[in-house]
Structures are given as structure tokens and as C-alpha cells.
Amino acid sequence: MQAAVSEGMSSAVQTIPDLLRMRSHEIPDSVALIQSDLASLTYGGALQRSRNFAFGLHALNVEPGDFIGLVFSNGNYLDFAAAYFGTQLAGCTPVIAPASRSLNTLMLLDQVDPVLTIYGNAREAEFLGHRIHKAEFVSAVEELGSRATNTNLPSSDEDRIAHVVFTTGTTGTRRAVWATHRNLLGAMEIHGTTKAVGRTDGEVLIGSFPIGTNAALAMLMNCLREQATIVCMDEFQPEAFCETARNLACTGAVLTPTMAQSLSQLDVSVLDLPRLNFIGLSGSATPAPVIDWLAGVLPSAELKTFYSCTEAWPSGMNSTFDSSAPQVLGPRNGNVRVVDERGVSVADGVSGEIELRVGEGRGWCDLDVSETSFEVSKKPVWVSTGDVGYIDDSGSVVLIDRRSRILKCGAMKISAAEIEAALLRHPAVSDAVCIGVPHPTLGSQVAVAFVIDHDVAAVEVLKRELRADLAAGYSDVLLQMRIIEFSEIPLLPEGKIDYRYVEDTVVNGRPAYERPHEVERPIADIWRRALGREDIGRHDDFFDLGGDSLTALKVNRSVSELLKSDIPVTCIYEARTLAEFSKFVLGDTEAYPVGGV
């Protein structure tokens with residue numbers, strides 16, 4: 001099967017590099033990618049850099065069909081794109097390991113065992129280099145390729161595995177997921193250019209998804225399919241996101257529901273985005289109050305939802321948002337079904353687990369198995385999304401909640417998403433997350449972390465009011481609901497809520513999350529890599545997070561190298577939280593926020 005191309009195209013598009021060649025031929029000087037520092041890459045530049053990278057791989061004796069590990073930080077999208085496309089041009093398969101998740105990166109690379117691993121910069125090499133038997137920097141491979149004399153590249157093979165990505169899976173299981181070029185291109189309706197040639201008024205799409213996630217790769221595919229300029233932010237900061245979207249005249253934005261919730265907490269003036277005509281929300285359903293707010297402040301923007309999962313992408317659903325039915329994922333199609341615990345389809349109106357159809361040419365394996373066999377599906381199979389829902393009278397698929405977020409409290413089953421939506425309707429609550437925590441008699445007790453407006457003085461009165469309102473609307477069991485105030489809801493690198501951090505706070509008394517200040521972030525990154533954790537808050541204790549004398553020495557060495565100064569090895573024992581430790585090693589400089597600790 002070949003991807004559909006417009007009449008008059010001289011060559012068939014069978015692989016992702018074929019599509020890159022086509023775009024480079026049609027619109028070589030149009031900007032394809034822009035990263036956070038505003039560095040950019042044209043379609044022609046992307047092809048040239050990718051070719052150099054492919055030649056460099058061959059000079060390193062890499063063979064077609066080999067697996068190549070790619071470990072890149074989020075701010076390094078242009079280098080990543082050159083390595084991703086270049087690996088495919090060389091006839092190899094990129095294994096995209098998330099640099100933001102060091103332990104998972106090692107697990108994925110150990111399981112797949114690539115013949116060569118490519119680093120984007122020295123930071124990844126410093127932490128992972130001693131565990132990787134053969135590695136190079138992307139710049140060195142490109143430089144080697146630019147001097148190569150053998151410039152032959154292998155022919156296209158649409159059934160070759162196009163990439164391997166990491167996911168925690170729809171049910172929380174660590175997985176490696178792979179797809180062939182045929183699978184990826186089969187979902188694309190690819191046309192030649194018309195007015196896009198030399199465009200100055202073309203589409204500019206902005207997103208903020210970590211390298212290695214399926215969402216980030218989908219953005220990259222959109223760059224080729226839609227001939228749109230893709231703006232890749234390395235970290236989702238609401239104000240910076242809006243400023244970049246405004247300055248670059250972005251016409252579309254792709255967000256997670258959590259990102260959309262963060263935007264809803266901004267002053268309306270920050271969202272002065274006159275060219276924005278499209279907002280796509282991926283993942284779970286977005287709370288109705290957030291949708292209503294976005295529709296109010298961006299009335300000219302169409303709001304759409306995209307529902308899929310890494311194992312099944314690009315199969316899934318999409319629909320235009322209706323704030324009166326925020327849980328509707330889209331109309332039923334041949335790629336979705338609702339089943340009971342036996343895997344048998346249920347009748348319309350009956351709730352069950354939502355499954356997605358996985359097309360030909362995809363496969364996956366759990367990373368805790370002893371052996372990986374890279375087989376792709378020869379016929380459609382079904383994968384659980386981990387969500388519970390039903391099909392309504394109109395034939396639409398309606399999401400109830402994540403299976404893991406339907407809380408069994410005594411005889412009651414309570415949807416965490418419904419509780420969150422109810423809380424967000426209160427004018428004093430700007431953000432909220434609901435979880436279940438163990439309870440000796442109820443099974444689960446409802447617990448809520450919320451962010452409130454700063455002008456709310458009587459917090460305890462507000463908590464009693466919220467308990468009473470929710471109990472009246474749902475069940476008296478919510479009178480026992482535990483409520484913890486956060487300054488902000490903690491997020492994982494990919495923009496999803498960090499439920500483990502919230503549970504640690506509720507159950508174990510962990511300090512409520514506060515994001516590290518800008519000057520603390522390099523030190524927080526060192527802590528993350530040393531401790532193998534992503535969820536580092538300003539008030540977290542190094543040793544409570546699992547630190548010991550060996551990791552303390554490692555942190556001391558890395559911080560000393562970062563600051564080019566000898567840091568006393570005892571300081572982390574005296575200043576145990578990130579905020580205290582940062583102030584200790586940085587001193588009371590003008591750069592450090594006043595009152596920051």
C-alpha cells in the first residue's frame with residue numbers, strides 16, 4: 001500500500017523519508033520546525049541534515065535494519081528531527097528513549113539493545129554514558145557524514161519498522177511500541193502543495209510535548225502531512241506558551257486537558273491570540289468549565305478533541321467540542337468498541353471498557369519481559385485504553401473516567417473526573433485533582449488536591465462548604481473527603497498530572513508541590529537524574545525521596561561541575577530540601593528570588 005499523493009507526483013511515497021524528500025522538493029525554503037530558542041529548520045535543511053546524519057551512520061558501519069537509540073532533551077527538537085529522519089534514511093530504526101525519564105530510558109535501551117546510541121548533548125551522555133556500550137553525539141555523526149565519500153542510501157521499505165517509542169501504556173505498564181512506515185503513512189492523506197509553496201500565511205501549529213512521546217511524534221508527522229510549521233516548546237509554561245504563540249502568529253495549538261486547565265488560570269489579556277483558529281486537545285476529556293472558558297476568551301478558535309493511545313495511534317476518534325456534552329469523545333467508528341470483562345462487545349447504553357483497533361503494522365511488548373520479539377501485527381487487533389465508557393443513543397462514544405479513577409467507596413462508585421468538574425465550577429477553585437487513597441472500611445477514601453484563588457481567606461470554611469455541596473450532589477461519603485491545598489498541581493514532563501506526588505502528599509505527608517524556581521531548575525535536574533524521579537518539588541527532602549550517601553556524592557560532584565566551584569560534601573545533609581540546598585550553593589545572589597525559601 002502506498003500513501004495517497006496528488007496527481008502529477010513523480011514518485012510514490014512509501015516511507016517517512018520519501019515524504020520528507022517530497023516536501024523538500026516542493027517547498028525547500030519553507031520553515032518546517034521552530035524550537036523554544038526560536039532556532040528553525042526548513043524542509044530543505046531538514047533533508048540535508050538528515051542525509052548527512054545517514055551518511056555518518058554508514059561511516060560508523062551501521063547496517064540497514066539496525067536499531068539506533070536516540071536520547072535527546074526537550075529543547076533540542078531540530079537535532080532530534082535530523083537524527084530521527086536520518087536514521088530512517090539510513091534504513092535503520094530509531095529507538096526514541098525519553099531523556100526526561102532516565103530510569104525508563106535505560107530500561108528501554110537495555111531491552112531493545114541498539115547497536116549505537118545518539119545523544120543530543122553532554123547532559124544525557126554524562127548520566128547515561130557509563131551504561132551505554134557505544135554512543136555518539138548527533139553533531140559528530142553529522143560532521144562525519146558531511147565528509148563521507150559513499151553517499152548511497154538504501155531503497156525504501158514500507159514494511160520496515162519506522163520507530164520504537166516508550167510508553168507507560170494505557171494501564172500504567174512500561175512498554176516499547178513500534179510501527180512500520182506502512183502503518184504510519186496509511187493514516188495520512190498526503191497531497192502535493194498548492195498555495196503552500198513559498199507561503200507567508202501558512203498554518204503555524206504550537207505544542208509542548210517531550211521528545212519521545214507519541215504526541216511529539218504526531219506533531220512531527222503533521223509537519224510533513226499538513227505542510228505546517230511546527231513550533232516545539234521544550235516545557236509548558238502557560239505565559240511563555242501564549243507569548244510564543246502570539247509572537248509567531250500561531251494559527252493552531254495542541255494541548256492536553258491539564259495544559260488547557262493551566263491556561264484558564266491566566267489573565268484573559270495574556271490570551272490575546274488573534275490568529276489562533278484551532279485548538280486540539282488530546283488525551284482524556286476536558287472539564288466543561290475549562291472548555292467554556294476557552295470558548296469565551298477565544299471565540300474564533302474551533303475546539304476539537306483527539307482520542308487515541310500510543311499502542312493504537314493513529315487509530316482513534318476526533319470530534320468538535322460541545323460544552324454541553326464534554327465527555328463525548330466522538331462518533332462510533334470501526335476503530336472503537338466498548339466491551340465487558342470478557343472482551344465481548346456490550347449493547348449501546350451499557351458501560352464497559354473502551355478498546356481501540358490497532359491497524360496492521362504495529363506491535364508492542366512489556367519491558368519487564370525477558371526477551372523482545374519485534375513482530376508487527378498482520379491483522380487488526382484490539383487494545384484496552386484503560387478507560388470506561390458507553391455508546392449513547394446517538395452513536396457517540398461517551399467517556400466516564402479512567403478505570404483506575406473510578407473510586408469504590410463503600411457501596412458507592414465515584415468518578416474522580418466528575419468530582420473534579422464539580423470542584424472547578426466553584427468560583428474560588430482554580431484547579432483540582434481527585435484521587436482515591438486506601439481506607440480500612442470504605443476501601444477507598446476520596447481525596448482532593450486543589451488550588452484556590454489567593455483572595456480566599458477562610459480556607460477551612462471553603463473546605464467544609466465543598467464537602468457539603470459534593471455530599472448533597474453525590475453521596476454522604478464525601479463528607480469524609482480529605483482536602484489538601486496546593487499552590488499548583490504537580491505535572492509530569494509530558495504535561496499529565498503527577499498522581500503519585502498527590503498521593504504521597506495526602507497519605508505520607510509529603511510537602512505540597514511547588515514548582516522549582518527558574519534558577520533552581522538546573523539543580524532540580526541533577527536531583528532528578530541522581531534519584532531517578534521526575535517529581536521534584538521545592539520543599540522535597542533529598543533523603544525522603546530515596547537519596548543516600550552515594551547519590552549525595554554524585555549530586556555534589558555534578559553541582560560542583562555545574563557551578564565550577566567546590567561545594568562542601570556535607571551541605572546536602574544540612575540543607576536537605578531543594579529550596580534550602582539551592583540557596584546554600586547559589587548564595588543570596590540577585591538572581592535568586594527574594595523570599596524564595
Original post:
Would the Phe236 and Phe241 ring centres measure less than 6.0 Å apart?
Top reply: yes
Subject >> Check: Tyr501 ring centre within less than 6.0 Å of Tyr513 ring centre >> reply: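 Aromatic pair counts; centres sit under 6.0 Å.
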Does the side chain of [X] pick up a donor-acceptor pair with the side chain of [Y] at under 3.5 Å?
{"X": "Asp29", "Y": "Tyr43", "value": "no"}
{"X": "Asp18", "Y": "Thr15", "value": "yes"}
{"X": "Asn214", "Y": "Thr310", "value": "no"}
{"X": "Thr251", "Y": "Glu203", "value": "yes"}

Donor-acceptor pair, [X] side chain versus [Y] backbone, under 3.5 Å?
{"X": "Thr93", "Y": "Ile161", "answer": "yes"}
{"X": "Thr87", "Y": "Ala83", "answer": "yes"}
{"X": "Ser40", "Y": "Val31", "answer": "no"}
{"X": "Arg23", "Y": "Pro28", "answer": "no"}
{"X": "Gln14", "Y": "Glu158", "answer": "no"}
{"X": "Thr385", "Y": "Asp387", "answer": "yes"}
{"X": "Arg357", "Y": "Val383", "answer": "no"}
{"X": "Gln88", "Y": "Ala162", "answer": "yes"}
{"X": "Ser24", "Y": "Leu20", "answer": "no"}
{"X": "His163", "Y": "Pro94", "answer": "no"}

Non-hydrogen atoms of [X] and [Y] that approach each other most closely:
{"X": "Val204", "Y": "Leu248", "value": "CG1-O, 4.1 Å"}
{"X": "Glu503", "Y": "Ile435", "value": "CA-CD1, 3.6 Å"}
{"X": "Val328", "Y": "Thr305", "value": "O-CG2, 4.4 Å"}
{"X": "Phe306", "Y": "Gly280", "value": "CE1-CA, 3.7 Å"}
{"X": "Leu47", "Y": "Leu89", "value": "CD1-CD1, 4.3 Å"}
{"X": "Gly212", "Y": "Ile96", "value": "CA-CG2, 3.3 Å"}

Subject >> Cys434/Val446 under side chain to side chain contact (heavy atoms under 4.5 Å, CB included): CA gap, chis, key distance, verdict >> reply: CA-CA 7 Å; Cys434 175; Val446 176; 3.6 Å; yes
Reported [atom1]-to-[atom2] distance for the pair [X] and [Y], which is rounded to 0.5 angstrom:
{"X": "Gln237", "Y": "Glu243", "atom1": "CD", "atom2": "CD", "result": "12.0 Å"}
{"X": "Leu423", "Y": "Asp469", "atom1": "CG", "atom2": "CG", "result": "9.5 Å"}
{"X": "Ile206", "Y": "Cys232", "atom1": "CD1", "atom2": "SG", "result": "9.0 Å"}
{"X": "Thr258", "Y": "Leu281", "atom1": "OG1", "atom2": "CG", "result": "10.0 Å"}
{"X": "Leu356", "Y": "Ser315", "atom1": "CG", "atom2": "OG", "result": "7.0 Å"}
{"X": "Met221", "Y": "Ile230", "atom1": "CE", "atom2": "CD1", "result": "10.5 Å"}

**OP:** Take Glu302 and Thr320 through the test side chain to side chain contact (heavy atoms under 4.5 Å, CB included) and record every step on the way to the result.
**Re:** CA-CA 7 Å; Glu302 180 184 20; Thr320 300; 3.4 Å; yes
Answer yes or no: is there a side-chain heavy-atom contact under 4.5 Å between [X] and [Y]?
{"X": "Thr167", "Y": "Trp364", "value": "no"}
{"X": "Ile291", "Y": "Trp293", "value": "no"}
{"X": "Pro490", "Y": "Val502", "value": "yes"}
{"X": "Ile414", "Y": "Leu478", "value": "yes"}
{"X": "Leu303", "Y": "Ile279", "value": "yes"}
{"X": "Met317", "Y": "Asn335", "value": "no"}
{"X": "Trp313", "Y": "Val177", "value": "no"}
{"X": "Ser396", "Y": "Ile391", "value": "no"}

Original post:
Under the salt bridge (charged side-chain N to carboxylate O under 4.0 Å, His left out) criterion, do Glu420 and Arg405 qualify, and how do the steps go?
Top reply: CA-CA 11 Å; Glu420 291 164 356; Arg405 281 169 42 82; 2.9 Å; yes
Original post:
salt bridge (charged side-chain N to carboxylate O under 4.0 Å, His left out) between Glu488 and Arg515: does it pass, once the steps are laid out?
Top reply: CA-CA 8 Å; Glu488 61 182 309; Arg515 185 193 306 269; 2.8 Å; yes
Original post:
Can Met481 and Val448 be said to form a side chain to side chain contact (heavy atoms under 4.5 Å, CB included), step by step?
Top reply: CA-CA 7 Å; Met481 180 174 63; Val448 166; 3.5 Å; yes
Less than 4.0 angstrom from a charged side-chain N to a carboxylate O is my criterion; do [X] and [Y] meet it?
{"X": "Arg500", "Y": "Asp498", "answer": "no"}
{"X": "Arg403", "Y": "Glu353", "answer": "yes"}
{"X": "Arg21", "Y": "Glu26", "answer": "no"}

**OP:** Evaluate side chain to side chain contact (heavy atoms under 4.5 Å, CB included) for Cys250 paired with Val231, printing each intermediate quantity in order.
**Re:** CA-CA 8 Å; Cys250 291; Val231 182; 4.2 Å; yes
Original post:
Under 6.0 Å from the CG atom of Asp37, do we count more than 12 heavy atoms belonging to anything else shown?
Top reply: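 Counting other residues, nucleotides and ligands, CG of Asp37 exceeds 12 neighbours.
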Subject >> Aromatic plane relationship, Phe80 with Phe72 - under 30° parallel, 30 to 60° tilted, over 60° perpendicular >> reply: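 Plane angle over 60°, so perpendicular.
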Subject >> Ring-face cation of Arg337 near Trp382 (centre distance under 6.0 Å, axis angle within 45°) >> reply: yes
